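FYI, the numbering just counts along the sequence from 1. When a ligand or atom number is given, it counts from 1 through the structure's own listing order. Quick note: numbers below take in every heavy atom, side chains included, and nothing from hydrogens, waters or symmetry partners. Keep in mind that what you see is a predicted model, and the values were worked out from it rather than measured.
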Amino acid sequence: MSAPSILLISGSVRVGSVNSAVLGAAAELVPAPFAPVHYRGLAALPHFNPDLDRHPLPQAVVELREAIAKASAVLVSTPEYAGALPGALKNLLEWTIGGIEITGKPTGWINPSTGPTGAAGTYASLRTVLTYTDAGIVEAACVDVPVTRAQIGTDGRISDAGIRARVGHVVDALVASIG
Ligand SMILES: Cc1cc2nc3c(=O)[nH]c(=O)nc-3n(C[C@H](O)[C@H](O)[C@H](O)COP(=O)(O)O)c2cc1C
(Lines give C-alpha, C1' and ligand atoms only; values in the text may rest on other atoms or scores of the structure.)
Protein backbone atom coordinates (compact mmCIF):
# COMPACT_ATOMS: atom_id res chain seq x y z
CA MET A 1 0.00 0.00 0.00
CA SER A 2 1.34 3.46 -0.88
CA ALA A 3 2.05 6.06 1.82
CA PRO A 4 -0.73 8.54 2.68
CA SER A 5 -0.08 11.69 0.72
CA ILE A 6 -0.25 15.47 0.93
CA LEU A 7 -1.16 16.88 -2.49
CA LEU A 8 0.67 20.09 -3.37
CA ILE A 9 -0.98 22.31 -5.99
CA SER A 10 0.79 25.36 -7.41
CA GLY A 11 -1.31 27.95 -9.21
CA SER A 12 1.70 28.89 -11.34
CA VAL A 13 3.17 26.94 -14.23
CA ARG A 14 5.99 29.47 -14.62
CA VAL A 15 9.55 28.11 -14.65
CA GLY A 16 11.17 29.44 -11.49
CA SER A 17 7.80 29.99 -9.80
CA VAL A 18 7.94 31.33 -6.25
CA ASN A 19 4.74 29.45 -5.41
CA SER A 20 6.15 26.17 -6.69
CA ALA A 21 9.37 26.78 -4.70
CA VAL A 22 7.32 27.32 -1.55
CA LEU A 23 5.57 24.02 -2.16
CA GLY A 24 9.00 22.47 -2.74
CA ALA A 25 9.98 23.60 0.75
CA ALA A 26 6.71 22.24 2.12
CA ALA A 27 7.41 18.90 0.44
CA GLU A 28 10.75 18.68 2.23
CA LEU A 29 8.99 19.26 5.54
CA VAL A 30 6.14 16.76 5.22
CA PRO A 31 6.59 14.32 8.10
CA ALA A 32 6.48 10.53 7.79
CA PRO A 33 4.37 8.53 7.17
CA PHE A 34 2.97 11.14 4.78
CA ALA A 35 4.50 11.57 1.34
CA PRO A 36 4.36 14.84 -0.63
CA VAL A 37 2.90 14.60 -4.12
CA HIS A 38 3.31 17.54 -6.50
CA TYR A 39 0.34 17.94 -8.84
CA ARG A 40 1.86 18.54 -12.28
CA GLY A 41 -1.21 18.46 -14.51
CA LEU A 42 -2.44 22.06 -14.29
CA ALA A 43 -1.48 23.09 -17.82
CA ALA A 44 -2.94 19.92 -19.34
CA LEU A 45 -6.45 20.28 -17.92
CA PRO A 46 -9.11 21.08 -20.52
CA HIS A 47 -11.26 24.12 -19.96
CA PHE A 48 -14.09 23.18 -17.64
CA ASN A 49 -17.21 22.28 -19.55
CA PRO A 50 -20.18 20.53 -17.95
CA ASP A 51 -20.65 18.64 -21.23
CA LEU A 52 -17.26 16.97 -20.62
CA ASP A 53 -18.02 16.22 -16.96
CA ARG A 54 -19.43 12.79 -17.66
CA HIS A 55 -18.17 9.31 -18.53
CA PRO A 56 -15.68 8.98 -20.13
CA LEU A 57 -14.00 11.90 -18.39
CA PRO A 58 -10.95 13.52 -19.99
CA GLN A 59 -7.87 11.62 -18.79
CA ALA A 60 -6.38 14.76 -17.20
CA VAL A 61 -9.52 15.16 -15.10
CA VAL A 62 -9.46 11.49 -14.07
CA GLU A 63 -5.87 11.98 -12.89
CA LEU A 64 -6.71 15.19 -11.01
CA ARG A 65 -9.64 13.61 -9.20
CA GLU A 66 -7.63 10.48 -8.39
CA ALA A 67 -4.81 12.59 -6.97
CA ILE A 68 -7.24 14.48 -4.73
CA ALA A 69 -9.08 11.31 -3.71
CA LYS A 70 -5.83 9.58 -2.73
CA ALA A 71 -4.52 12.57 -0.75
CA SER A 72 -5.05 12.94 2.98
CA ALA A 73 -4.82 16.72 2.61
CA VAL A 74 -4.28 19.41 0.00
CA LEU A 75 -1.91 22.39 0.15
CA VAL A 76 -2.16 25.21 -2.40
CA SER A 77 0.13 28.12 -3.21
CA THR A 78 -0.84 30.53 -5.94
CA PRO A 79 0.06 33.89 -7.43
CA GLU A 80 -2.45 36.65 -7.99
CA TYR A 81 -3.15 37.64 -11.57
CA ALA A 82 -5.18 40.77 -12.26
CA GLY A 83 -6.50 40.89 -8.72
CA ALA A 84 -7.85 37.36 -8.56
CA LEU A 85 -7.08 33.65 -8.98
CA PRO A 86 -5.09 32.61 -12.05
CA GLY A 87 -7.53 31.21 -14.59
CA ALA A 88 -5.69 27.89 -14.66
CA LEU A 89 -6.21 27.31 -10.94
CA LYS A 90 -9.83 28.45 -11.05
CA ASN A 91 -10.29 25.98 -13.90
CA LEU A 92 -8.78 23.17 -11.80
CA LEU A 93 -11.12 24.03 -8.94
CA GLU A 94 -14.12 24.03 -11.28
CA TRP A 95 -13.22 20.44 -12.18
CA THR A 96 -13.42 19.49 -8.49
CA ILE A 97 -17.06 20.56 -8.19
CA GLY A 98 -18.49 17.63 -10.15
CA GLY A 99 -16.44 15.13 -8.14
CA ILE A 100 -16.81 14.79 -4.40
CA GLU A 101 -13.13 14.09 -3.82
CA ILE A 102 -12.34 17.44 -2.21
CA THR A 103 -15.42 17.51 0.03
CA GLY A 104 -14.25 17.65 3.63
CA LYS A 105 -10.61 17.20 2.57
CA PRO A 106 -8.28 19.13 4.89
CA THR A 107 -7.04 22.00 2.74
CA GLY A 108 -4.68 24.88 3.40
CA TRP A 109 -2.65 27.45 1.54
CA ILE A 110 0.58 29.38 1.72
CA ASN A 111 0.53 32.89 0.27
CA PRO A 112 4.11 33.96 -0.59
CA SER A 113 3.15 37.35 -2.04
CA THR A 114 5.39 40.31 -1.32
CA GLY A 115 3.18 42.62 -3.39
CA PRO A 116 1.54 45.78 -2.03
CA THR A 117 -1.86 44.15 -1.53
CA GLY A 118 -0.41 40.83 -0.35
CA ALA A 119 -2.39 39.07 -3.12
CA ALA A 120 -5.46 39.53 -0.94
CA GLY A 121 -7.77 39.26 -3.95
CA THR A 122 -6.51 35.88 -5.03
CA TYR A 123 -6.74 34.35 -1.56
CA ALA A 124 -10.23 35.80 -1.01
CA SER A 125 -11.22 34.16 -4.31
CA LEU A 126 -9.55 30.92 -3.28
CA ARG A 127 -11.50 30.87 -0.01
CA THR A 128 -14.76 31.55 -1.87
CA VAL A 129 -14.20 28.75 -4.36
CA LEU A 130 -12.90 26.21 -1.82
CA THR A 131 -15.90 26.97 0.41
CA TYR A 132 -18.16 26.38 -2.57
CA THR A 133 -16.52 23.00 -3.18
CA ASP A 134 -16.95 22.07 0.53
CA ALA A 135 -13.21 21.56 1.00
CA GLY A 136 -12.26 21.31 4.68
CA ILE A 137 -10.41 24.62 5.05
CA VAL A 138 -7.92 24.35 7.93
CA GLU A 139 -7.56 27.91 9.21
CA ALA A 140 -4.23 27.29 10.94
CA ALA A 141 -2.88 26.06 7.61
CA CYS A 142 -3.89 29.20 5.66
CA VAL A 143 -0.96 31.50 6.15
CA ASP A 144 0.97 34.36 4.51
CA VAL A 145 4.69 33.59 4.22
CA PRO A 146 6.30 36.33 2.09
CA VAL A 147 9.05 35.00 -0.18
CA THR A 148 11.03 37.06 -2.69
CA ARG A 149 12.56 35.64 -5.86
CA ALA A 150 15.99 36.39 -4.38
CA GLN A 151 15.25 33.96 -1.54
CA ILE A 152 15.08 31.07 -4.00
CA GLY A 153 18.48 29.49 -4.64
CA THR A 154 19.88 28.61 -8.04
CA ASP A 155 18.92 25.03 -7.18
CA GLY A 156 15.28 26.16 -6.83
CA ARG A 157 15.28 25.56 -3.08
CA ILE A 158 14.43 27.92 -0.24
CA SER A 159 17.06 27.66 2.47
CA ASP A 160 16.02 30.63 4.65
CA ALA A 161 15.47 29.18 8.14
CA GLY A 162 12.68 31.58 9.05
CA ILE A 163 10.68 30.82 5.92
CA ARG A 164 11.21 27.09 6.33
CA ALA A 165 10.01 27.25 9.95
CA ARG A 166 6.82 29.05 8.94
CA VAL A 167 6.18 26.65 6.08
CA GLY A 168 6.80 23.79 8.49
CA HIS A 169 4.14 25.14 10.85
CA VAL A 170 1.62 25.15 8.00
CA VAL A 171 2.47 21.56 7.09
CA ASP A 172 2.19 20.52 10.74
CA ALA A 173 -1.19 22.23 11.12
CA LEU A 174 -2.46 20.50 8.01
CA VAL A 175 -1.19 17.10 9.14
CA ALA A 176 -2.67 17.63 12.62
CA SER A 177 -6.09 18.14 11.04
CA ILE A 178 -6.09 14.76 9.30
CA GLY A 179 -8.54 12.49 11.05
C1 LIG B 1 -0.26 39.17 -16.02
C2 LIG B 1 0.16 39.32 -14.58
C3 LIG B 1 -0.73 39.84 -13.66
C4 LIG B 1 -0.36 40.00 -12.32
N5 LIG B 1 -1.27 40.50 -11.45
C6 LIG B 1 -0.92 40.65 -10.15
C7 LIG B 1 -1.88 41.14 -9.21
O8 LIG B 1 -3.01 41.43 -9.52
N9 LIG B 1 -1.49 41.24 -7.92
C10 LIG B 1 -0.22 40.90 -7.52
O11 LIG B 1 0.10 41.03 -6.32
N12 LIG B 1 0.70 40.41 -8.39
C13 LIG B 1 0.37 40.28 -9.68
N14 LIG B 1 1.28 39.78 -10.57
C15 LIG B 1 2.60 39.38 -10.08
C16 LIG B 1 2.63 37.86 -9.78
O17 LIG B 1 1.63 37.50 -8.89
C18 LIG B 1 3.99 37.54 -9.21
O19 LIG B 1 4.95 37.74 -10.23
C20 LIG B 1 4.11 36.15 -8.66
O21 LIG B 1 5.37 35.98 -8.05
C22 LIG B 1 4.00 35.09 -9.73
O23 LIG B 1 4.03 33.84 -9.08
P24 LIG B 1 5.08 32.71 -9.49
O25 LIG B 1 6.44 33.26 -9.15
O26 LIG B 1 4.73 31.54 -8.62
O27 LIG B 1 4.90 32.45 -10.95
C28 LIG B 1 0.93 39.63 -11.90
C29 LIG B 1 1.83 39.08 -12.84
C30 LIG B 1 1.45 38.92 -14.15
C31 LIG B 1 2.43 38.31 -15.12
Side-chain angles (χ1 to χ4, degrees), residues 5-30 35-48 60-61 63-64 67-68 71 73-96 102 105-133 135 137-174:
S5 61
I6 308 294
L7 185 66
L8 306 168
I9 300 177
S10 175
S12 174
V13 293
R14 191 178 69 80
V15 173
S17 159
V18 173
N19 291 276
S20 300
V22 163
L23 292 176
E28 293 173 1
L29 297 165
V30 167
V37 172
H38 289 278
Y39 176 70
R40 308 272 190 208
L42 188 65
L45 282 172
H47 292 164
F48 178 70
V61 176
E63 289 168 11
L64 169 68
I68 295 172
V74 175
L75 183 61
V76 178
S77 184
T78 180
E80 179 170 86
Y81 288 157
L85 279 178
L89 182 59
K90 175 65 161 47
N91 184 52
L92 179 154
L93 293 168
E94 287 167 5
W95 278 115
T96 70
I102 204 164
K105 185 84 56 177
T107 301
W109 61 72
I110 299 174
N111 171 10
S113 173
T114 56
T117 65
T122 206
Y123 285 88
S125 314
L126 183 60
R127 179 181 291 281
T128 297
V129 180
L130 286 174
T131 300
Y132 190 89
T133 66
I137 297 175
V138 178
E139 295 299 336
C142 299
V143 171
D144 294 349
V145 182
V147 178
T148 65
R149 290 188 187 185
Q151 287 171 309
I152 302 171
T154 50
D155 57 358
R157 291 184 69 250
I158 297 172
S159 56
D160 182 277
I163 294 172
R164 292 179 68 84
R166 296 177 72 189
V167 169
H169 284 138
V170 172
V171 172
D172 290 347
L174 198 55

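- Ser10 pairs with exactly one of Pro79, Ser77, Ser17 by the side chain to side chain contact (heavy atoms under 4.5 Å, CB included) rule, that one being Ser17.
- Of the inter-residue distances, the one linking Lys90 atom NZ with Thr122 atom OG1 reads 11.5 Å to the nearest 0.5 angstrom.
- Not counting sequence neighbours, Tyr81 has no partner by the ring-ring contact (aromatic ring centres under 6.0 Å, His included) test.
- Protein residues lining ligand 1, listed by chain and number: Ser12, Arg14, Ser17, Val18, Asn19, Pro79, Glu80, Tyr81, Ala82, Gly83, Arg149 [non-hydrogen atoms, distance under 4.0 Å].
- Arg127 has a carboxylate O that lies under 4.0 Å from a charged side-chain N of Glu139, or vice versa, which qualifies the two as a salt bridge.
- Relative orientation of the Trp95 and Phe48 rings is perpendicular, given thresholds of 30° and 60° on the angle between their planes.
- Taking OG1 of Thr133 as the reference point, atom CG of Leu93 lies at 6.5 Å (rounded to 0.5 Å).
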